[in-house]
Amino acid sequence: MTTRLSRRHFNILALGAAAAGFLPMQARAAGGLVAATFPGNWEDGYRRVLTPLLSEKGFDLTISPALAQDQLAKVMASPDAPAFDTLLMSLGQGAVAIENDLIQKIDPARLSNWDKLDPAFQGEYGPTVTVEVNGICYNPGLVPRPAGYADLFNKPEYAGKVSWTGFGSNTAVMAYTQLAKIFGTGPDDMEAVFQLFRDHPDQLNNVVDSTNSQMTLFQQGEIAVFMCSTGNVAKLKSLGLNAEFVHPETGSPAAPVNIHLTKGSQNVDAAYAYMDAAISAAAQTELMAPPTATFPTNHDVALTPEIEQYVTREDLPNLVYPDWTLINQNRDAWIRAFDAVVAG
């Protein structure tokens, strides 16, 4: 069931979600690898594609879905006995994991597919498995095509039809930093964004807990616009939905996604096998197809026309890569401030 957050209940549920990050995880499979993976498309795709590849190597794989913030919370709660052997994170949470000594540098010699990655994707703390390109999803049967983020506030045809999530979402926070540049003095001028929401209270009608909830609302026709990745739109299209992706006129925020080896993992051999499988041509070719539609970082994988309609390899340097140091310095305060705005 979709969780729609009223202003009155937003803070309560946000606190509950944070607390859930500290709950004990499911029992480990004996001798198996527990890999944290984002919920939704990621969970489904990695379970379907990587489980048999790990089985061929003699390892059991348990996919444990958790948002990056929740992955951090669980591992920080018990660093000596980490809940996951590997983490899946973009640069924002990855920086926090490094700062708190939760992950370890890898040995590239243990990855047979390492040389298939461009140097930009060869991180010392683990390989980049894809680059998520973010923008705006809209239903062309319900609203006109927005040129960018500003249209969602400046044009009346979008009033009450847009959904947002909180600052715990990387997709959301990247959009908010763009809004801060458009309506404020720069990416850290978040007060301009909060005032924007105060001036347009209809934008608070569809604040929900996650992108997955937004996907459900979009399918039900309750919203017509939300901030998303290209993969979200590909998923909706695969379900027969009338959905299109917009590269905002101010640029498309992008987030490299990396697999990290958790410090203290008891399944290091399996973790390396998992990383190697995730960057293999076989896995990335499968994961490039709908409904996952992830951009392949293995340069032996030729892009499909479906992927190239969203982004090409030549586009990568021109995407907007946020300053995650700036975001991480302010994120907790932004979360609290946005919660207060939503709560009224």
Side-chain angles (χ1 to χ4, degrees), residues 33-57 59 61-68 71 84-91 94 111-118 120-123 126-135 137 170-171 211-212 215 228-239 243 245 254-260 270-313 315-316 319:
L33 178 82
V34 178
T37 309
F38 305 145
N41 276 359
W42 282 88
E43 175 189 357
D44 297 340
Y46 268 43
R47 182 175 288 118
R48 171 176 52 84
V49 174
L50 296 184
T51 300
L53 292 178
L54 265 289
S55 181
E56 290 175 6
K57 301 290 185 181
F59 299 108
L61 172 63
T62 297
I63 294 293
S64 184
L67 297 174
Q71 295 176 40
F84 312 106
D85 294 297
T86 63
L87 306 178
L88 186 71
M89 295 178 168
S90 57
L91 298 180
L111 300 175
S112 64
N113 291 297
W114 186 252
D115 62 351
K116 305 298 184 182
L117 303 178
D118 291 331
F121 301 139
Q122 294 176 332
T128 298
V129 294
T130 192
V131 176
E132 281 201 333
V133 178
N134 291 271
C137 174
N170 284 344
T171 296
T211 302
N212 285 339
M215 297 274 282
C228 69
S229 70
T230 58
N232 297 135
V233 177
K235 173 68 172 180
L236 291 169
K237 282 179 170 289
S238 75
L239 297 172
F245 182 82
V257 180
N258 311 302
I259 294 179
H260 298 302
Y272 275 107
Y274 173 71
M275 288 184 194
D276 205 36
I279 60 173
S280 68
Q284 295 212 340
T285 297
E286 278 199 68
L287 292 168
M288 185 171 51
T292 45
T294 57
F295 186 92
T297 53
N298 184 314
H299 56 59
D300 283 353
V301 179
L303 300 185
T304 62
E306 290 77 17
I307 293 293
E308 287 188 318
Q309 72 175 314
Y310 298 120
V311 62
T312 67
R313 297 195 190 280
D315 291 330
L316 293 178
L319 299 173

Nearest 0.5 angstrom please: His260 NE2 to Thr86 OG1, how far? 10.0 Å
For Leu236 and Cys137, which heavy atoms make the closest approach, and how far apart are they? CD1-SG, 3.8 Å
Which of Thr294, Asn170, Val129, Val131 passes side chain to side chain contact (heavy atoms under 4.5 Å, CB included) with Val257? It is Val129
Does some side-chain heavy atom of Thr37 sit less than 4.5 Å from a side-chain heavy atom of Pro65? no
Spacing of NZ belonging to Lys235 relative to OG belonging to Ser229, to within rounding of 0.5 Å: 12.5 Å
May I ask you to check whether Thr297 and Gln284 show a side-chain donor-acceptor distance below 3.5 Å? yes
Which atom pair, heavy atoms only, marks the closest approach of Arg48 to Glu286? NH1-OE1, 3.6 Å
For Thr128 and Asn258, which I'm curious about, is there any donor-acceptor pair between the side chains at under 3.5 Å? yes
Does the pair Val233 and Tyr310 meet the rule for a side-chain contact (heavy atoms from CB on, under 4.5 Å), with working shown? CA-CA 10 Å; Val233 177; Tyr310 298 120; 3.7 Å; yes
Heavy-atom closest pair, residues Ile307 and Ala293: CD1-O, 3.6 Å
Whether Asp85 side chain and Ala35 backbone form a donor-acceptor pair below 3.5 Å: no
Taking side chain as C-beta onward, heavy atoms only, is Met275 less than 4.5 Å from Trp114? no
Contacts of type salt bridge (charged side-chain N to carboxylate O under 4.0 Å, His left out), residue Asp315, not counting sequence neighbours: none
Any chance you could lay out the side-chain contact (heavy atoms from CB on, under 4.5 Å) test for Phe38 and Gln71, step after step, and finish with the verdict? CA-CA 9 Å; Phe38 305 145; Gln71 295 176 40; 3.8 Å; yes
Within this structure, what is the CD1-CG distance for the pair Ile279 and Leu117, rounded to the nearest 0.5 Å? 4.5 Å
Can you classify the ring geometry of Trp42 versus Tyr46 as parallel (below 30°), tilted (30 to 60°) or perpendicular (above 60°)? tilted
Would you check if Leu33 and Tyr274 make a side-chain contact, meaning some heavy-atom pair closer than 4.5 Å? yes
Approximate separation, where rounding is to 0.5 Å, of Phe295 CZ and Leu316 CG: 4.5 Å
Any side-chain heavy atom of Pro256 sitting closer than 4.5 Å to one from Leu91? yes
Would you say Thr211 and Asn232 make side-chain contact, with heavy atoms under 4.5 Å? yes
Can you list everything that forms a salt bridge (charged side-chain N to carboxylate O under 4.0 Å, His left out) with Arg313? Sequence neighbours excluded, please. none
The reported gap from CG in Asn298 to OG in Ser280 (rounded to nearest 0.5 angstrom) is 7.5 Å
From Met89 CE over to Ile259 CD1, what is the distance, rounded to the nearest 0.5 angstrom? 12.0 Å
Check Leu50 against Ala283 and note the closest heavy-atom contact, atom names and distance. CD2-CB, 3.8 Å
